[in-house]
Number of protein chains: 2
Amino acid sequence: MKLNQATDYAFRMVLYLASMPEGTKMTGAALAENQHIPERFLLKIMRSLTAAGIMKSYRGVDGGFALQRHPSEITLFDIIEAVEGQTELQRCLHDMSSCTRECGGMCAIYGAFSDIQHQLAERLKAINFEGLAEQERTFHANK
Amino acid sequence: MKLNQATDYAFRMVLYLASMPEGTKMTGAALAENQHIPERFLLKIMRSLTAAGIMKSYRGVDGGFALQRHPSEITLFDIIEAVEGQTELQRCLHDMSSCTRECGGMCAIYGAFSDIQHQLAERLKAINFEGLAEQERTFHANK
DNA sequence: CAATAATTAACCGAAAAAGTATAGTTTAAT
DNA sequence: ATTAAACTATACTTTTTCGGTTAATTATTG
C-alpha cells in the first residue's frame, strides 16, 4: 500500500521549486544534488511531470526545469497521478476484471473501498504546494 | 499505492466465514475453491491471519479454519496489518531512515501524510466484517 | 496405525521498481 | 557555424517484491 520512491522524489522536487521565488528555473543536476536524488532517475521522473503539465522544461544551454503552474494549483493528488498513473488502493476499483471472485461487482469489500478511496482522493486534492511550501518555511525559521 | 493480491484474498476469506453461521469451520481446500483462490497460496495467507489472532486453525482430520473473533471485532485495518505488516502510504512514516532528504523529520510532506495516514487508518478501523457480511446478504437477497 | 489437514521453510519465475547508459536534439553563446 | 550545456527518447540492467509452489513435517481423529 506504499507510494513508490519516484513519487516521493517528485514531491521533493516540486516542493523545492515551490519554496523558491516564483518561476525559478534549475537544472536537473542541481536539483538532484540539492534534494539527494539520483540524477538520471530524476530526469526520468521529470518527464512524467512535464507531460502532466506540472513542470516546464527548457532545453539547451541555460536550460532546466521550472514549475508550470502556480504552487497553489498543484496538489499531492496531481503528483501521484502523474507519476503512478492512478491512485487506487484496491485493484478492482481501477479494473473490475482483475478480480477473480465472481460476484459481478456485488461486493461489500468493493463498496467499502469505493468510499475510502474517494475520501482519500479528496484529502490528497485538498493539499497543495503553496501550503506545503509555507509550512516548510516555518520549519526553517524555527531551526 | 495498491494493496496486494494476498490482502484481497484475505478480505474474501474472512468475509466468507463472517457470512456463515458463527463458528463455521472450513478446510483450506474448500474455502479456496469457494472463493477462487489458489489453495496453497490461501494456506500461506492463513498463517498470517492465524498469527494475528484473526483466524483459528484446527489440524488433523476434520481440521480447518474458523474465525477466532466475532466478525464485529475484525476490521479492514486488522486484515491489512496482518497480511502486509503495515498500512503506511509513505515509507518514511514507517521508517524514518528510509528517507534520503536530510531534513531530520522537519518535512511538510511528512506532516501532510501523517494526517492523511491517520485518517485513512481510522476509516479502515471503522469498517468491520459484521457490517460487511450484512451488506453482502442484502446483495444476495436482491439477486 | 492410517488418513487427513495444517505448518514450516525453502524455493521459483515473473513482473515491477529503481536506477543507469547511450545516442540523440535543442539552444545560447562564442 | 561550432561548441558546450542542457533536456529527450529509448533501452538496458539490477534489485526487490509479488504471487505462487514444493516437499517434508507435525498434529489430530478414528
Side-chain angles (χ1 to χ4, degrees), chain A residues 1-13 17 24-33 35-52 54-66 68 80 83-86 88 90-91 94-95 98-101, chain B residues 1-13 17 25-33 35-52 54-68 80 83-86 88-91 94-95 98-100:
Chain A
M1 185 157 136
K2 290 196 309 289
L3 294 163
N4 336 321
Q5 185 65 62
T7 308
D8 188 50
Y9 288 155
F11 289 151
R12 291 190 214 172
M13 284 148 55
L17 287 176
T24 295
K25 180 176 63 177
M26 275 183 92
T27 67
L31 193 49
E33 170 157 26
Q35 292 296 303
H36 306 96
I37 300 170
E39 182 182 343
R40 295 333 219 81
F41 195 32
L42 175 142
L43 256 12
K44 184 180 187 171
I45 298 165
M46 274 297 186
R47 287 203 296 283
S48 307
L49 295 176
T50 55
I54 292 168
M55 290 278 187
K56 187 155 174 47
S57 74
Y58 300 89
R59 297 171 70 150
V61 174
D62 195 39
F65 298 94
Q68 183 152 20
I80 298 172
V83 178
E84 305 203 0
Q86 34 97 211
E88 268 79 33
Q90 267 288 69
R91 39 198 94 205
H94 180 239
D95 170 21
S98 67
C99 183
T100 60
R101 185 193 182 226
Chain B
M1 184 159 137
K2 290 196 310 286
L3 293 165
N4 48 29
Q5 184 66 61
T7 307
D8 189 52
Y9 287 155
F11 288 150
R12 291 190 215 172
M13 285 147 55
L17 285 176
K25 181 175 62 177
M26 277 183 91
T27 67
L31 192 50
E33 170 157 26
Q35 292 297 304
H36 307 97
I37 299 171
E39 181 183 344
R40 310 299 301 198
F41 194 34
L42 175 142
L43 254 12
K44 181 179 184 173
I45 298 165
M46 275 297 187
R47 272 181 276 129
S48 308
L49 295 176
T50 55
I54 293 166
M55 290 278 188
K56 188 155 173 48
S57 72
Y58 302 88
R59 295 168 73 145
V61 175
D62 194 39
F65 298 93
L67 293 180
Q68 183 152 19
I80 298 172
V83 178
E84 305 203 358
Q86 34 93 214
E88 269 78 33
L89 293 175
Q90 267 288 67
R91 33 196 100 206
H94 179 240
D95 170 19
S98 68
C99 182
T100 59

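Lettering of chains follows the sequences in order, A, B, ..., and the numbering in each one begins at 1.
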Practice task
Report the distance from atom CD1 of A/Ile45 to atom P of C/dA17, rounded to the nearest whole Å.
Solution key: 13 Å

Problem - Electrostatic pair B/Asp8:A/Arg101 at N-O distance under 4.0 angstrom - result: no

Handout entry: Side chain B/Lys44 and base D/dG20 donor-acceptor under 3.5 Å
Key = yes

Completion exercise
To the nearest angstrom, the CD1-P distance between A/Ile37 and C/dT20 comes to 13 Å

Practice task
Calculate the interatomic distance between A/Lys56 atom NZ and C/dT26 atom P; express it in whole Å.
Solution key: 15 Å

Exercise for the section: Between C/dG19, D/dA24, D/dA9, spot the one nearest the side chain of A/Arg40, thanks. Expected result: D/dA9

Exercise for the section: For A/Arg59 and for B/Phe65, locate the closest nucleotide of DNA chain C by heavy-atom distance; then report the residue assigned to the nucleotide nearer the 5' terminus. Expected result: B/Phe65

Handout entry: Position toward the 5' end of DNA chain C (nearest nucleotide), A/Asp62 or A/Gln5
Key = A/Gln5

Exercise for the section: Mind calculating the distance between NE2 (A/His36) and P (C/dG19) to the nearest angstrom? Expected result: 14 Å

Exercise for the section: Measure the shortest side-chain to side-chain distance between A/Arg12 and B/Thr100 over non-hydrogen atoms and say whether it is less than 4.5 angstrom. Expected result: yes

Problem - Flag side-chain contact, heavy atom, 4.5 Å: A/Met1 against B/Glu88 - result: no

Problem - Side-chain heavy atoms of A/Phe11 within contact of A/Leu3, under 4.5 Å - result: yes

Practice task
Would you mind telling me which of D/dG20, C/dT20, C/dA17 lies closest to the side-chain atoms of A/Asn4?
Solution key: C/dA17

Handout entry: d(CD, A/Glu84; P, C/dA16) in whole Å
Key = 14 Å

Exercise for the section: State whether the side chain of B/Lys44 and the backbone N or O of B/Ala6 hold a donor-acceptor pair below 3.5 Å, judged by distance alone. Expected result: no

Problem - Nearest-Å distance for atom pair CD/C1', residues B/Glu39 and C/dA5 - result: 10 Å

Problem - Candidates C/dA6, D/dT8, C/dT20 - which lies nearest the side chain of B/Thr27 - result: C/dA6

Practice task
Between B/Gly60 and A/Gly64, just flag the one whose closest nucleotide in DNA chain D comes earlier from the 5' side.
Solution key: A/Gly64

Exercise for the section: Could you tell me whether the phosphate oxygens of D/dT8, OP1 or OP2, come under 4.0 Å of any side-chain nitrogen or oxygen in A/Ser57? Expected result: yes

Problem - Separation of atom CG in B/Leu43 from atom P in C/dT8, rounded to whole Å - result: 11 Å

Problem - side-chain N/O B/Arg91 vs D/dT16 OP1/OP2, d < 4.0 Å - result: no

Fill in the blank from the handout: B/Arg12 CZ to D/dG19 P, in whole Å, measures 12 Å

Problem - Given DNA chain D, 5'-ward residue of the pair A/Tyr58 and B/Val61, judged by closest heavy atom - result: A/Tyr58

